[in-house]
Amino acid sequence: MKINQNKIHFKHARGITLVEILLVISLLVILLSFAIPSMGGAAAKAEMTATVENVQHSIQSARNMARMNEVVVTVLFNAPAGQEARKIEFDSRVHTGILNYELPADVVLIADQDNFLFDRRGLVENPGQILLVSKADDSVSATLDVK
């Protein structure tokens with residue numbers, strides 16, 4: 001008697017069922033729901049770090065230009081009436097070469113003064129603080145002292 005060994009028996013074949021596929025997809029959705037909020041917080045922190053570095057660089061550049069050129073340099077926080085500051089600009093009697101800095105849309109700048117004035121020696125005449133707050137995550141903030 002000959003037995004056909006090439007014959008496939010579909011009764012005993014096993015595959016992936018629809019229930020198993022749905023179970024795997026639901027587990028992936030649950031895992032991703034925990035991962036996505038933590039990535040949003042990381043993005044807000046990275047943006048805040050970059051903004052803090054840029055604002056510190058702007059302040060230091062104004063101080064250096066005032067000292068090197070022996071002129072008064074003013075750092076202005078320009079904002080339309082009734083809105084938060086969106087741009088840091090520089091005012092001086094000579095061209096400073098410092099580029100104005102526009103804040104990212106998700107960061108709010110709150111300063112205790114409208115401007116900081118650096119004298120000819122690079123010293124600030126009106127010390128104060130700058131507070132940067134993320135709109136995406138209120139817990140992400142930074143305070144800069146201008147001395």
Gln129: which of Asp145, Asp112, Thr143 passes side chain to side chain donor-acceptor pair (under 3.5 Å):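 Testing each of Asp145, Asp112, Thr143 against Gln129, the sole residue satisfying side chain to side chain donor-acceptor pair (under 3.5 Å) is Asp145.
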
Over 12 non-hydrogen atoms of neighbours within 6.0 angstrom of CD in Glu70: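 Count not over threshold, so no.
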
Nearest-0.5 Å distance, [atom1] of residue [X] to [atom2] of residue [Y]:
| X | Y | atom1 | atom2 | result |
| --- | --- | --- | --- | --- |
| Arg63 | Lys147 | CZ | NZ | 10.5 Å |
| Ile25 | Ile30 | CD1 | CD1 | 12.5 Å |
| Ile130 | Ile110 | CD1 | CD1 | 11.5 Å |
| Ile21 | Ser26 | CD1 | OG | 12.0 Å |
| Leu23 | Leu18 | CG | CG | 11.0 Å |
| Glu102 | Asn54 | CD | CG | 12.0 Å |

Indicate the atoms forming the closest heavy-atom contact of [X] with [Y], along with that distance.
| X | Y | value |
| --- | --- | --- |
| Val133 | Met48 | C-CE, 3.6 Å |
| Ala142 | Val52 | CB-CG2, 3.4 Å |
| Ser58 | Ile88 | CB-CG2, 4.5 Å |
| Tyr101 | Thr51 | OH-CA, 3.7 Å |
| Glu20 | Thr17 | OE1-N, 3.0 Å |
| Asp137 | Ala44 | CB-CB, 4.2 Å |

Step-by-step side chain to side chain contact (heavy atoms under 4.5 Å, CB included) determination, Val24 to Ile16: CA-CA 11 Å; Val24 169; Ile16 299 173; over 6 Å; no

Polar side-chain atom of Glu89 near backbone of Thr74 as donor-acceptor pair, under 3.5 Å: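 No, Glu89 side chain to Thr74 backbone: no donor-acceptor pair under 3.5 Å.
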
Candidate list Asn64, Val71, Asn126, Ile59, test side chain to side chain contact (heavy atoms under 4.5 Å, CB included), partner Phe118, passing option: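 Running side chain to side chain contact (heavy atoms under 4.5 Å, CB included) over Asn64, Val71, Asn126, Ile59 with Phe118 returns exactly one hit, Ile59.
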
Val75 and Phe90: CA distance, side-chain angles, deciding distance, side chain to side chain contact (heavy atoms under 4.5 Å, CB included) verdict: CA-CA 5 Å; Val75 179; Phe90 302 93; 3.9 Å; yes

Verify same cluster id: Met65, Leu76 (apolar side-chain graph, 4.5 Å):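 In one cluster with Met65: Leu76, no.
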
Residue pair Phe77, Asp114: steps toward the side chain to side chain contact (heavy atoms under 4.5 Å, CB included) verdict: CA-CA 6 Å; Phe77 304 111; Asp114 292 336; 5.9 Å; no

Trace of the side chain to side chain contact (heavy atoms under 4.5 Å, CB included) decision for Leu132 with Leu109: CA-CA 5 Å; Leu132 299 167; Leu109 183 144; 3.8 Å; yes

